[in-house]
Amino acid sequence: MTVTSRAEGQAMAEPQEGAPHRVEIRGLSKSFRRRSGAGTIKPIDDITLSIQDGEFLVLLGPSGCGKTTLLRSIAGLERPDEGSISIDGTTVYDSGRGIFLPPNRRPISMIFQSYALWPHMTIFKNVAYPLRSRKSTRRLGHAEIAARVEQALAKVGLVGLGDQYPGQLSGGQQQRVALARALVSEAQVLLFDEPLSNVDAKVREELRAQLVEMQRELGFTAIYVTHDQAEAMELADRIAVLNSGRIEQLDPPRRVYQRPQSRYVAEFIGSANLVAGVVRSLDERAVVDTALGSFVIEDYTEHWTGDTPLGTGDSVTLMFRPEDCLVDPGPDSRSNMWDVELVRTSFTGVQQHLLVHSGDERLIVLTTNDAQYPEGAKLRLGVERHKLHLLPPVPAESGAA
Amino acid sequence: MVRVAVLIIAAALIVLLVYPIGRMVIRALFPEGGLDAGAFARVVSQPWFWPVLQDTFVVVGTSSVLALLIASVLAWLNERTDAGLGWLGTFMPLLPLLMPPIATAAGWVFLASPEVGFINGVLAYLPGNLSVNVLTIPGLIFVYTLELVPFAYIPISGALRNLDPSLEEASRVSGAGVIKTIFRVSLPAVSQAMTSAFFLLIVAGFALYSAPVVVGTNAGIDILSVRIVRLMQFTYPADLQSATVLATILLVVVLAAWLLQNVVTSRGRYAMISGRGSQVKIPLGRWRHVFRTGTIIYLLLTTLLPLLAVVIVAFQPFWTPVIDPSMFTMEHFERVLNRRNSVRALQTSVMLGLVGGAIAVAICVLINIAKRRTSFGSILGPRLARVVDGIMRLPAAFSAIVIALGFIVAFSGPPFNLNGTAAILLLCYLVNFMPQASTTVGNAMSQVGNDLTEASYMSHASERRTIGQVTVPLAIPGLLSAWALLFVLFAGEVAASTMLAGAQTPVIGFVLVEIWENGTVGPMAAFATVVTLITSSAVLLLVLLGRQRYRRR
């Protein structure tokens with residue numbers, strides 16, 4: 001390949017009838033050849049994803065899971081190899097039809113991790129830049145542009161800083177300017193590439209809250225990349241958990257936490273106790289044998305995340321959250337109960353973390369009771385029957401990150 | 001359109017490089033049409049041939065080794081230990097640019113000539129019969145070494161800067177001392193850079209012209225590069241035949257060293273680059289001050305001392321080791337600046353430097369833009385971009401003398417008839433300094449982060465607008481400093497200038513050599529002082545402009 005055609009982008013696609021989604025991704029794939037050595041990596045592996053109008057979608061995963069490449073493909077900063085992307089009913093990329101709309105002609109804005117403000121322009125010029133670039137607003141008069149810039153700066157709470165240069169602002173302020181620059185062109189889809197990971201913790205929280213508020217108010221559609229699960233939980237309408245280029249689970253935060261589809265998701269979001277087991281019997285409830293003893297799971301079909309129906313004798317992974325563990329429940333409890341030995345405790349104020357073991361299994365327990373247990377104490381743990389989850393067994397080598 | 005322009009430029013560059021040198025080699029090998037080793041045989045049988053070759057190899061070889069050693073030590077001190085000079089240290093590679101190399105060489109003649117040298121003047125007051133003499137083979141090697149050190153310092157300090165300090169720390173923690181750490185860890189890790197630097201020194205050493213023409217001529221030591229020019233310039237009629245033969249020999253040696261250097265560089269890097277550039281420096285304890293003083297003395301020696309010598313000789317009515325400020329006079333300045341020849345040389349050189357430098361920067365910016373790879377696609381595909389890159393770097397494989405001689409063979413006669421014009425000088429400078437232009441412009445452009453251009457695309461700006469509003473404005477400090485560098489290189493060029501400039505278009509290098517050859521040291525020193533003033537202001541500008549003006553997070 002010597003030259004890649006720049007004319008492809010000209011073939012603007014016709015809007016589809018009654019587009020139900022803001023952003024529609026179908027069968028998207030991209031692979032890179034590794035720089036040294038053999039083999040390829042697939043940062044995007046056959047992803048299909050629809051994003052609703054006004055939705056706040058978070059792409060979550062550890063570094064290298066493909067979330068940034070996916071975002072950059074939506075932006076048009078990367079060319080995928082296969083699949084299609086449409087935004088606002090306009091096909092911006094379609095491998096089959098050879099469509100690639102360059103990033104500047106896609107109806108989107110983007111906020112970068114490094115803020116990416118132009119240091120040689122004032123804040124005003126930075127924010128006015130999209131207006132002066134875009135065909136539809138290029139010929140606006142001075143006054144009109146000034147008014148719109150002021151408006152955008154007001155939205156992010158930075159009135160009166162127009163004459164400053166980015167270098168004179170704090171990190172948090174710079175990111176607000178970047179936000180104003182993204183908002184000024186009134187794009188309906190905003191892309192966020194880990195925008196808060198460069199600002200310090202306190203400002204981060206503040207900006208996060210502001211972002212949620214602003215999104216509810218202005219109603220833009222947001223696609224937000226982060227590796228911070230707390231951030232994802234707070235911001236998202238839905239979280240897409242990515243694992244080596246694939247969407248492992250796509251659900252609202254609550255569901256992702258309570259009903260993780262896999263061990264990878266369970267471990268990435270919150271902490272999880274995982275115990276290998278074998279199904280002994282199934283009726284309304286399931287009985288699973290593990291190294292800790294037998295566990296009874298109520299309404300097991302609700303708690304089984306595998307694709308195929310569960311059968312007797314199947315291997316499974318039993319998962320329960322540390323905060324769902326009960327320490328020394330009463331004898332009349334209908335919980336699953338077993339004996340453990342305390343290894344260590346750490347007290348955080350609201351809760352205490354207990355690290356316990358039973359045989360080879362190590363478990364984490366979170367409890368709000370402030371009873372003091374000596375190390376080595378024998379405890380009895382319980383987990384209610386509907387707080388247990390059954391996940392497919394994971395081959396040993398592909399444990400979660 | 002950019003693509004066409006870039007391809008035309010690349011084609012022009014390769015034509016300007018290959019055609020003249022090709023004609024020259026053909027002329028050397030096939031003087032009368034058929035293959036004829038007669039010209040070679042005639043040159044080889046000359047009584048001066050073997051001594052010239054021997055002296056050249058001895059001087060270049062020895063000084064390359066010495067320069068490599070000095071550069072390595074300086075680079076290590078400055079990059080890896082707490083004896084570094086910080087800001088002054090980063091300025092070090094630029095120091096030799098302050099003065100045109102020919103002025104530095106003249107400065108050493110003024111300092112260390114037998115009897116009349118300033119150093120000998122001082123030594124005469126000391127007990128013992130001490131004296132120094134630069135007009136000897138060791139003296140010439142000394143001057144060569146000083147001029148060559150920066151060529152090795154730049155790549156070696158770069159490699160050391162990228163060396164992961166934890167490697168050294170691990171060695172220290174494991175109980176190895178500083179010396180052991182240097183030889184077991186630091187040196188092996190940068191051995192590739194050092195090997196590559198050595199070949200670079202050979203390339204630069206054979207191309208060096210100013211030191212041998214100034215020192216060697218006075219000492220009666222004949223060096224290959226000077227002999228080539230002499231055959232053209234001071235033999236009547238010009239012995240083009242012998243010159244082409246010698247230039248072909250020079251070409252083969254330099255090309256071989258250059259190829260070796262490329263082989264070494266391309267053979268995979270050691271796994272030593274770590275992303276975090278933690279600045280842990282090796283503490284040298286008490287030795288720190290010793291080494292720091294040594295570095296400063298070295299810097300003074302290489303720049304201030306010869307500069308001082310040149311300035312003093314320029315003001316002295318006649319060159320004498322007895323420095324008496326009350327005798328100082330402006331007469332040499334007046335004499336030199338009243339010569340039409342030298343004034344025109346200043347004008348022509350400044351003009352060529354400004355215009356030529358700007359053209360070179362513009363060409364490199366254009367090529368850089370064409371090479372960029374974005375999701376839009378790139379104007380040049382990756383393979384073509386590599387080819388263009390190679391062409392831009394190719395002139396480094398030929399020395400200025402070879403290129404200039406090729407230009408004489410190819411363009412001085414009909415149909416071009418460019419002999420002695422500003423055009424032939426401009427073209428020759430452009431070709432000769434294209435590698436430096438390409439590197440500095442490339443660095444300037446790459447300082448503009450990808451995010452900043454991507455943010456522009458995401459703000460609905462086209463590629464053209466992005467280049468015009470974001471990329472180029474942000475690169476401007478770096479581009480200006482590249483322009484200043486090229487100005488200094490163009491204005492201080494001597495070897496090609498001596499051969500290509502004529503009486504109608506004298507340039508600085510040409511006039512300096514001319515005055516020197518006439519044996520009038522006072523006016524030469526005065527002229528060199530004026531030139532130094534011009535070039536060092538340009539370097540100063542370069543340093544000021546090169547500083548990042550914007551605060552980046």
Side-chain angles (χ1 to χ4, degrees), chain A residues 1-6 8-9 36 72-73 75-80 93 100 102-121 125-138 165-171 174 178 181-182 184-185 187 191 193 198, chain B residues 1-4 6-7 268-271 273 275 370-388 447-479 548-553:
Chain A
M1 181 187 75
T2 49
V3 191
T4 22
S5 159
R6 328 187 116 225
E8 295 173 74
S36 56
R72 289 171 58 83
S73 299
L77 297 172
E78 302 269 358
R79 267 183 202 236
Y93 171 74
F100 176 83
N104 57 322
R105 296 172 53 200
R106 299 188 178 192
I108 45 176
S109 290
M110 184 161 167
I111 287 127
F112 293 80
Q113 180 175 6
S114 62
Y115 323 138
L117 297 179
W118 302 296
H120 62 304
M121 298 184 196
K125 283 193 174 160
N126 264 284
V127 179
Y129 189 89
L131 293 175
R132 294 201 168 125
S133 305
R134 219 177 177 179
K135 257 201 193 104
S136 56
T137 52
R138 198 177 292 164
Y165 281 86
Q168 296 169 289
L169 304 187
S170 72
Q174 290 193 51
R181 181 176 66 185
V184 78
S185 58
L191 309 179
D193 186 9
N198 273 2
Chain B
M1 200 190 68
V2 174
R3 180 181 156 83
V4 173
V6 165
L7 292 180
R269 288 161 173 264
Y270 282 110
I273 312 285
K371 282 192 317 195
R372 281 154 33 113
R373 308 196 56 200
T374 62
S375 66
F376 291 89
S378 50
I379 296 172
L380 297 180
R383 200 174 302 158
L384 203 56
R386 258 203 306 281
V387 170
V388 171
Q447 275 176 355
V448 181
N450 270 343
D451 291 18
L452 294 178
T453 49
E454 286 180 351
S456 174
Y457 299 142
M458 296 315 297
S459 298
H460 314 291
S462 61
E463 276 191 288
R464 188 184 296 254
R465 182 167 159 81
T466 302
I467 289 166
Q469 298 288 316
V470 175
T471 313
V472 171
L474 283 173
I476 272 187
L479 294 180
Q548 203 43 260
R549 269 194 297 173
Y550 313 110
R551 206 150 66 96
R552 295 264 175 81
R553 280 169 187 274

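So that the names make sense, note that chain A is the first sequence line, chain B the second, and so on, each numbered from 1. For clarity, every value in this text was computed on a predicted model and none was experimentally measured.
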### Query
What is the distance from atom CZ of Arg372(B) to atom CD1 of Ile467(B), rounded to the nearest 0.5 Å?
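So the gap between those two atoms works out to 4.5 Å.
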For chain B, which of [options] has the most heavy-atom pairs under 4.5 Å?
options	value
Pro130(A), Ala178(A), Pro107(A), Ala182(A)	Pro130(A)
Pro103(A), Ala75(A), Ala187(A), Gly76(A)	Pro103(A)
Tyr165(A), Trp118(A), Phe112(A)	Trp118(A)

Considering only heavy atoms, which portion of [X] lies under 4.5 Å from any heavy atom of chain B: side chain, backbone, both, or neither?
X	result
Ser185(A)	side chain
Arg132(A)	both
Leu117(A)	backbone

### Query
Distance-only, no hydrogens or angles: does the Tyr93(A) side chain make a donor-acceptor pair with backbone N or O of Ser73(A) under 3.5 Å?
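The answer is no, because no donor-acceptor pair under 3.5 Å joins these two groups.
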#### Entry: His460(B) (side chain) donor-acceptor with Lys135(A) (main chain) under 3.5 angstrom
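Judged by distance alone, no pair lies under 3.5 Å.
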### Query
Does the side chain of Ser456(B) come under 3.5 Å of the side chain of Tyr129(A) through a donor N or O and an acceptor N or O?
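Result is yes, a qualifying pair exists.
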### Message
Would Arg106(A) and Phe100(A) count as a cation-pi pair here, with the cationic atom under 6.0 angstrom from the ring centre and within 45° of the axis?
### Response
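Flagged: Arg106(A) positioned over aromatic ring of Phe100(A).
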